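Proteins come first, then strands; the chains are lettered A, B, ... in the order of their sequence lines, and each starts at number 1. What you see is a predicted model, and the numbers here were worked out from it, not measured in a lab.
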Amino acid sequence: DTGVSQNPRHKITKRGQNVTFRCDPISEHNRLYWYRQTLGQGPEFLTYFQNEAQLEKSRLLSDRFSAERPKGSFSTLEIQRTEQGDSAMYLCASSSRGSGAAEQFFGPGTRLTVL
Amino acid sequence: DQQVKQNSPSLSVQEGRISILNCDYTNSMFDYFLWYKKYPAEGPTFLISISSIKDKNEDGRFTVFLNKSAKHLSLHIVPSQPGDSAVYFCAATPPLYNNAGNMLTFGGGTRLMVKP
């Protein structure tokens, strides 16, 4: 399978716990994006990497959120001290440089439920 | 403020007929527009896109129309099939500069139901 993969697919945690999600982009894509989607809404941009550099962060990304892409391949998104408002679908996408760079290809998402 | 809006949360169409999904935007900096389809428990799947230098782009049964002066785009699906039943999101992005990445701004989605 050469698509974007995300793990885990589902995560249930108690408020106050830390969680970490992983995203593996399409192998030749150098750009990686994280979005969050809540029920009835479209995805909202969180952050973006070009290779290993985190180039943009949304104001939605509070200081409890941190994302890394250490070797320019897979990425992790960590949420510390989770709150019930963090419950959402976390989507990862990747894209390539050059023509067609605007098209982002999404993974299946990680659904987070904070109890 | 919502920069991309899809004012119809749902649309029901008979199989074989045309489906028209609408999207409005407010940010004049948006330069490139995309439509994604989403099935339950899956991530959004890219469907079709259009650059602001065009007013129409066609791919098989799917056609996207862009009216820049009205800041409006629409997705036409003809003929509609039951397998097209999904949530459709429009998205927009400013121009790509210096090979930089692009943040997509999404609308809230329209649920399309195609009845057999």
Side-chain angles (χ1 to χ4, degrees), chain A residues 1 3-7 9-10 21 23-26 29-51 53-61 69 75 89-111, chain B residues 1-10 21 23-25 27 29-54 57 59 64 86-111:
Chain A
D1 185 9
V4 178
S5 62
Q6 292 186 246
N7 287 290
R9 294 292 305 273
H10 303 274
F21 311 139
C23 170
D24 288 88
I26 294 171
H29 286 181
N30 67 326
R31 300 190 178 105
L32 186 147
Y33 307 80
W34 286 98
Y35 290 83
R36 181 174 71 185
Q37 185 179 17
T38 53
L39 199 62
Q41 304 295 319
E44 294 175 291
F45 172 79
L46 291 178
T47 189
Y48 146 67
F49 290 85
Q50 181 154 301
N51 300 313
Q54 189 174 17
L55 296 186
E56 197 167 343
K57 287 194 282 188
S58 161
R59 57 180 169 77
L60 294 176
L61 211 67
R69 195 182 182 197
S75 175
M89 175 74 84
Y90 289 84
L91 294 162
C92 174
S94 68
S95 70
S96 62
R97 67 170 70 232
S99 64
E103 284 84 16
Q104 296 178 18
F105 297 88
F106 284 81
T110 295
R111 181 167 296 284
Chain B
D1 71 340
Q2 267 190 298
Q3 298 186 64
V4 179
K5 291 183 183 179
Q6 295 176 255
N7 290 319
S8 298
S10 65
L21 297 98
C23 179
D24 297 291
Y25 63 96
N27 190 339
M29 292 299 294
F30 288 148
D31 180 71
Y32 199 82
F33 304 88
L34 308 91
W35 284 94
Y36 283 83
K37 178 169 73 173
K38 187 178 184 304
Y39 293 119
E42 295 183 12
T45 302
F46 170 71
L47 201 55
I48 192 169
S49 61
I50 188 167
S51 165
S52 61
I53 62 173
K54 296 185 176 181
N57 188 26
D59 183 1
V64 55
V87 178
Y88 289 78
F89 293 98
C90 68
T93 182
L96 296 178
Y97 295 120
N98 301 321
N99 265 337
N102 56 297
M103 175 187 86
L104 295 179
T105 301
F106 284 84
T110 296
R111 181 176 300 279

Measure distances from [X] to the heavy atoms of chain B and classify the residue's part below 4.5 Å as side chain, backbone, both or neither.
{"X": "Arg9(A)", "answer": "side chain"}
{"X": "Gln6(A)", "answer": "neither"}
{"X": "Tyr35(A)", "answer": "side chain"}

Provide the closest heavy-atom pair for Gly43(B) versus Leu91(A) in the form atom of the first, atom of the second, distance.
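Result for this residue pair: CA-CD2, 4.2 Å.
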From [X] atom [atom1] to [Y] atom [atom2], the distance as rounded to the nearest 0.5 Å:
{"X": "Gln37(A)", "Y": "Lys38(B)", "atom1": "CD", "atom2": "NZ", "value": "5.5 Å"}
{"X": "Gln41(A)", "Y": "Gln2(B)", "atom1": "CD", "atom2": "CD", "value": "6.5 Å"}
{"X": "Gln104(A)", "Y": "Leu34(B)", "atom1": "CD", "atom2": "CG", "value": "8.0 Å"}

Any chance the rings of Tyr36(B) and Phe106(A) have centres within less than 6.0 Å?
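Yes; Phe106(A) has its ring centre under 6.0 Å from that of Tyr36(B).
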Contact between Tyr32(B) and Glu103(A) at the side-chain level, heavy atoms closer than 4.5 Å - yes or no?
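They are in contact (side-chain heavy atoms under 4.5 Å apart), so the answer is yes.
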Are side-chain heavy atoms of Leu104(B) and Pro43(A) found at a separation under 4.5 Å?
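In short, these two side chains do not touch, never coming nearer than 4.5 Å.
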